[in-house]
Amino acid sequence: MLKFGQALKIVLEDTKPMEWEWVVLSRVHRRVLAEDVTAQNNVPYTDNSAMDGYAIDTDDLKSVPRELRVVGVVACGKSVNKRLKLGEAMAIMTGAPIPEGCNSVVPVEDTERVASGIVRILRQIKPGKNVRYSGEDVRKGEVVLEKGTALGPGELGMLASMGRKRVRVFQKPVVAILVTGNEIIEPGERLRPGKVRDINTFSLRGLVEKFGGVPLPLGIAGDEKVKLLRKMRKGLNSDIMLISGGVSMGRFDFVREALTSLGYRERFWKVAMKPGMPISFGYIGRMPVFGLPGNPVSSMVSFLEFVRPLMMKLVDRAVDLPEISAFLRTPIVKKDNRRHFLRVKLDYRNHKYFASLTGPQGSGILKSMIECDGIAIIPENTKALKVGDRVTVQLID
Ligand code: AMP
Ligand code: MG
């Protein structure tokens, strides 16, 4: 059977990045940059004061206290053309430009007003003190944000500071979600024996949105080929298609057959992993299609391990989930040669992470997805792990 690593490589090898679009700054939160942003100006633009106080030249403070003539006020939003001479000071507000001839700002607290127009400097100050220099945050010409950056609050602020009204971001991938199974009913329907409420449309929708896509739910298709085909056709213009269920060995698992009649070129079926073994991946035209196993946990884990990396690659982002190393609190038995993805809770003590299984790890135990902080990866050739052994844990939040 295909190893997980080889399968992931196949999923990623033919990915082309999404097209980009212009979006106004106020609407780009959580989008992904499709351009390198180069600074067109220094930030701060000019040297300016970090304090309310008096701009002075430290050459004037051979000894303190020292009285200086106040020759003006620099308020915020104003600039001064006047050049200060020795013996002079200028009152200055935080953020206002430093006048020529000054190299420091004495905070108000270290001064005394002697008479109108005279200030007494009480303490020595080092040259450059309380001055924010032009370009100390950003230098003109520097790349401040790189293509593939997810835009959070700090990035939005930086784009504003760069004077950007609109930004080039990657289009969001539209991800069609089709659920199969004659037993599946809408969440609002009354449960009856043999029926199961549709979980996967909703958990997969959540995952698609969480990783920057636009979900396009196609509904529940049942297990008849004609119905499957009709619903699948509605998703053919998407960027990715997900089909949950119907890809196993069951007598009614017609998904792959239906896909084939739409021109599906399957690249693999079945991966040596747990959960998620009966996964199918291929293309219809240029659209990647995943046949995900129907069990709710399997479908979420296979999404996280295959669909999420693909979505990241579409927008030039890092493909791997962040990982930590943790010490097991629960022993693990494993008899096969598959890669296992176990849901674990983490706690952090004395600078170490400890991982405990969330409880039963069956592929129908959806609670394991709610309670976990991460996914412990148990490699193919590992058989058993004891309490205290180290595991690698992917962080999923
Ligand atoms: P399948 O992959 O079609 O063999 O489905 C495997 C198991 O997952 C079966 O027990 C299905 O009832 C269940 N299942 C499939 N699709 C869903 C769904 N959308 N919501 C909840 N359970 C599902
Ligand atoms: Mg089924």
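One-based numbering, in listed order, for ligands and for the atoms of each. Fair warning: this is a prediction, and the values are worked out from it, not measured in the lab.
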Region of V179 that comes within reach of ligand 1 [heavy atoms, distance under 4.0 Å]: side chain
Would you tell me whether R390 and S325 have side-chain atoms, one donor and one acceptor, within less than 3.5 Å of each other? yes
Suppose the criterion is ring pair (Phe, Tyr, Trp, His ring centres under 6.0 Å): which pairs have a residue in residues 18-44, not counting sequence neighbours? W20-W22
For ligand 1, which atoms, with element, lie under 4.0 Å from some heavy atom of I184? 14 (N), 15 (C), 16 (N), 17 (C), 18 (C), 23 (C)
Side chain, backbone, both or neither: which part of S244 has a heavy atom under 4.0 Å from ligand 1? side chain
Is it the case that ligand 1 has an N or O less than 3.5 angstrom from some N or O of V247? no
Looking only at protein heavy atoms, which one is nearest to atom 10 (O) of ligand 1, and what is the separation? N295 OD1, 4.3 Å
Ligand 1 contacted by S248 (non-hydrogen, < 4.0 Å): yes
Specify side chain, backbone, both or neither for N200, according to which of its non-hydrogen atoms lie closer than 4.0 Å to ligand 1. both
Would I199 count as being in polar contact with ligand 1, using the rule that some N or O on each side must be under 3.5 angstrom apart? yes
Have a look at R197, K195, E183 and point out the one with the heavy atom closest to atom 11 (C) of ligand 1. E183
Shortest protein heavy-atom distance from atom 5 (O) of ligand 1, along with the residue and atom involved: G294 CA, 3.7 Å
Under 4.0 Å between a side-chain nitrogen and a carboxylate oxygen: does that hold for R256 and E266? yes
Below 6.0 angstrom between ring centroids: does that apply to Y264 and F281? no
Is it true that N182 and K195 share a donor-acceptor pair across their side chains at a distance under 3.5 Å? no
Please state whether the rings of F303 and F211 are parallel, tilted or perpendicular, taking 30° and 60° as the class boundaries. parallel
Which of these passes salt bridge (Lys or Arg N to Asp or Glu O under 4.0 Å) with R66: D60, D57, D110? D60
Quick check: P293 and ligand 1, any N/O pair under 3.5 Å apart? no
Report the part of D198 in contact with ligand 1, treating N, CA, C, O as backbone and CB onward as side chain, heavy atoms under 4.0 Å; options are side chain, backbone, both, neither. both
For V196, the ligand 1 atoms with a heavy-atom partner under 4.0 Å come out as 21 (C), 22 (N)
Counting each atom of ligand 1 from 1 as listed, which ones have a heavy atom of G246 under 4.0 Å away? 1 (P), 2 (O), 3 (O)
Pair D47-S134, side chain to side chain donor-acceptor pair (under 3.5 Å): steps then yes or no: CA-CA 5 Å; D47 295 350; S134 174; 4.8 Å; no
Which residue in the set T111, I56, I118, L84 passes side chain to side chain contact (heavy atoms under 4.5 Å, CB included) when paired with L68? I56
